[in-house]
Structures are given as structure tokens and as C-alpha cells.
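Contents: one structure, followed by commentary.
Just so you know, these numbers come straight off a predicted model, no measurement behind them.
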Amino acid sequence: MRVGVVRNVFVVLAFVACGDESKPRPLLLPPESVEFALPARLLPGPVVQAVAGKGTITEAEVVISPFGVMFEIEIGKIEYTIDVTGKILAKEREGDEPGDDTD
């Protein structure tokens, strides 16, 4: 996976090799959401700033959907959904699924 930041818009380009590494072809994404694991060091600045001071990022994913690009950031048992501007869209504690009484 190749990742680049262009004018504060996070763009994810996934490539699949066509027989040899010198001729990658774009991976066509389905119309539903697709998630890719992402090293925390590749997160855009506004996303990192949104969770600054909340703890260490233990897992990061970029979510590409028909509605745009979002990031799911896990810190401890809390997962944040953040847009490319750094706005926190959702905060969910692990195990807070409907019908889950393990808390």
C-alpha cells in the first residue's frame, strides 16, 4: 500500500503487483466501506492532534467509503472515528456493542 498526503487531503492508493513490482495496477475498491491498517506514523497531522494527550495509539486504520475517508484510531479500550480535518465523529469503548453486558 502506498500512502500520500496531498494538500491536507489524505489519499490512499492501494496497488497490486501485476506479475512484477515495476508495473503495479490500481486496486478497484468496492462501493461499500474498505478498511486498511495504517502505521500511526503515517496518520495526517490533524488526526494525530485530535487524539493528542489521550494516550498511545495502539491501532490505526483508514476507512474509505462512498462518503469519504475517515480514520479509526484505537487508544487502550477506546476507538475514535475521526475525519480528515481532525474532527472526532464517534467515540466507542471496546465492548459497548448493543446487547453486550460484559462491562
Side-chain angles (χ1 to χ4, degrees):
M1 180 170 67
R2 295 181 184 169
V3 181
V5 179
V6 180
R7 292 186 189 164
N8 294 330
V9 175
F10 201 75
V11 179
V12 175
L13 300 174
F15 288 92
V16 177
C18 296
D20 69 58
E21 293 293 321
S22 65
K23 297 179 183 176
R25 64 176 170 82
L27 174 66
L28 298 177
L29 301 175
E32 63 271 357
S33 295
V34 177
E35 297 180 7
F36 295 99
L38 186 69
R41 64 181 162 62
L42 295 179
L43 290 169
V47 174
V48 174
Q49 288 298 318
V51 294
K54 298 184 186 305
T56 303
I57 297 172
T58 54
E59 189 176 315
E61 295 178 337
V62 61
V63 179
I64 303 170
S65 77
F67 306 107
V69 176
M70 296 173 286
F71 299 88
E72 292 181 351
I73 309 298
E74 194 170 297
I75 298 175
K77 292 187 175 190
I78 299 176
E79 182 177 276
Y80 297 90
T81 302
I82 304 170
D83 71 9
V84 295
T85 67
K87 180 180 178 185
I88 296 176
L89 304 172
K91 176 180 172 183
E92 184 176 311
R93 182 172 287 281
E94 194 174 287
D96 281 353
E97 305 288 325
D100 184 7
D101 294 326
T102 59
D103 291 322

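- By the 4.5 Å heavy-atom criterion applied to side chains, L43 and I73 are counted as neighbours.
- The shortest distance between side-chain heavy atoms of E59 and E79 does not fall below 4.5 Å.
- Summarising the geometry, atom CG belonging to L89 is positioned 13.5 Å from atom OH belonging to Y80; distances are rounded to the nearest 0.5 Å.
- Of the inter-residue distances, the one linking K87 atom NZ with M70 atom CE reads 12.5 Å to the nearest 0.5 angstrom.
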Q: Apply side chain to side chain contact (heavy atoms under 4.5 Å, CB included) to the pair E61 and L38, showing each step before the final yes or no.
A: CA-CA 5 Å; E61 295 178 337; L38 186 69; 5.9 Å; no
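- In terms of heavy atoms, P46 sits closest to T85 at CB-O, 3.4 Å.
- The heavy-atom pair separating S33 from V63 by the smallest distance is CB-CG1, 4.2 Å.
- Between I78 and R93, the closest side-chain pair of non-hydrogen atoms falls below 4.5 Å.
- In terms of heavy-atom proximity, V62 sits nearest to F71 at CG2-CE2, 3.7 Å.
- Rounding to the nearest 0.5 Å places CD of E72 at 4.5 Å from OG1 of T81.
- The minimum heavy-atom distance between T56 and I75, with the atom names listed, is O-CG2, 3.6 Å.
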